[in-house]
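Have a look at this one before I ask anything.
Whatever order the structure lists them in is the order used to number ligands and atoms, beginning at 1.
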Amino acid sequence: MAVTTTPALDAARLRADFPIFEQQIHGKPLAFLDSAASSQKPRQMLDAMTEFYETSYANVHRGVYVLAERATEGLELAREKVRALLNAPSAREVIFVRNATEGINLVAYAWGLSRLGPGDLVVVSELEHHSNFVPWQYVASRTGAGFRMISLDEQGELRLEELDAIASEGNVKVVATGVVSNSLGTINPVERLAAWAREHGAIMVADAAQAAPHRKVDVQAIGCDFLAISAHKMCGPSGVGALWGRAELLEEMEPFLTGGHMIRSVGADGTTWGELPHKFEAGTAPMAEAVGFGAAIDYLTDVGLDAIGQYEHELAAYALDRLAELPWVTSYGPPADRRAGIVSFNVDGIHPHDVAQVLDFEGIAIRAGHHCCQPLMRKLGVAATNRASFYLYTIPDEIDRLVDGLHKVKKAFA
Ligand SMILES: Cc1ncc(COP(=O)(O)O)c(C=O)c1O
């Protein structure tokens with residue numbers, strides 16, 4: 001790889017922690033370049049879940065026997081690990097949800113439905129994943145609030161110069177943006193957007209689904225009010241994520257889902273809600289998943305999020321350089337130093353699905369489609385792109401194989 005210094009981490013060594021790489025796909029070593037969709041899992045995380053099921057499994061919180069207490073400890077320890085990862089002031093502010101999408105919907109429904117109305121504005125960006133776009137658009141349409149998008153410049157970065165014009169159109173009540181774009185890898189200026197939201201008395205909702213796996217995310221440094229993440233993108237299991245929210249906002253919000261566990265008292269004449277975080281955790285918790293999430297956080301913290309972020313920058317720079325050798329390939333998004341380890345591109349005249357299909361025969365997994373970013377695709381003037389995304393187990397050889405594979409794609413469709 002064209003880096004002048006020693007790589008920030010030893011990906012070849014870390015790969016040995018991931019059993020999935022022990023197999024071949026179509027007789028070739030697996031080159032998994034789709035970590036932005038979901039990451040692969042280290043043995044340390046898998047072992048933690050197995051051990052929990054084998055030694056500590058019972059339903060949490062309501063039992064007074066040893067297994068129930070162990071399970072509760074496991075869940076609450078995982079909550080504390082999420083708190084520490086995000087530098088949140090209190091573990092009471094960390095709510096386990098199914099994924100980032102559910103976390104954002106929780107805020108849109110439980111904060112937005114009763115607080116938004118005509119004359120108010122919800123502001124998202126043109127770069128958003130549908131998970132941080134559709135819930136806001138929906139809640140705006142239900143409440144009569146306006147819905148605005150901060151548009152993108154030619155490099156796929158937010159046009160912050162539009163903010164004043166947007167603010168002149170109504171009362172800005174919600175600013176909801178991603179920290180890192182899943183499609184272009186753009187790193188958004190969320191601290192500035194949070195400050196702008198504060199100036200206007202709005203809440204700032206940060207979608208960190210694509211950031212938390214790859215760099216340090218600090219809710220206090222960002223200055224946001226809510227932040228959502230998904231474990232499955234950060235070496236953890238599917239089925240669990242976390243929403244962090246400021247306690248004072250969570251306290252005054254109505255619940256999102258109701259039922260078991262989230263109550264204080266229930267009677268025919270009414271029900272009162274439990275304390276944080278339980279008020280927002282109706283039903284049986286994702287217990288083993290939370291334990292796996294905690295183990296994944298330990299794994300990432302041991303490797304070092306700064307090293308992971310730095311390594312992915314190096315991979316993105318290398319991939320962009322190598323793709324630039326192919327005049328029939330168009331890459332999208334900002335320069336490598338302003339993006340995470342994600343590269344979206346198209347091959348002239350060849351549909352992204354065909355590209356991905358040919359690469360699959362080479363054992364290379366990339367994603368083709370709109371990446372849940374249809375507004376962005378419209379902006380780029382394409383229906384879909386190919387996307388290669390990298391993680392701590394990606395080795396430069398896989399990027400070389402991608403480029404070789406693209407030559408084969410070109411030949412196959414010549
Ligand atoms: C930026 C971003 N936000 C939100 C999501 C939604 O994550 P999940 O499907 O885990 O809820 C994704 C998933 O691709 C994403 O990349």
field: Distance flag, aromatic centroids of Y138 and F147, threshold under 6.0 Å
entry: no
- request: Decide whether N99 and H232 meet the rule of one side-chain donor and one side-chain acceptor closer than 3.5 Å.
  value: no
Mutual orientation of the aromatic rings belonging to Y53 and Y57 [parallel < 30°, tilted 30-60°, perpendicular > 60°]: tilted
- prompt: When the ring planes of F18 and Y299 are compared, do they come out parallel, tilted or perpendicular, using 30° and 60° as the limits?
  reply: perpendicular
- prompt: Salt bridge or not for R70 and E73, using N-O below 4.0 Å?
  reply: no
Report each N/O pair between ligand 1 and the protein that falls under 3.5 Å, naming both atoms.
residue, atom, partner, partner atom, Å
ligand 1, 3 (N), D207, OD1, 3.2
ligand 1, 3 (N), D207, OD2, 2.5
ligand 1, 10 (O), S230, OG, 2.6
ligand 1, 10 (O), H232, NE2, 2.6
ligand 1, 11 (O), A100, N, 3.4
ligand 1, 11 (O), T101, N, 2.9
ligand 1, 11 (O), T101, OG1, 2.5
ligand 1, 14 (O), H129, NE2, 3.3
ligand 1, 14 (O), K233, NZ, 2.5
ligand 1, 16 (O), Q210, NE2, 2.6

task: Determine, for E398 against R401, whether the closest basic-nitrogen to carboxylate-oxygen distance falls under 4.0 angstrom.
output: no
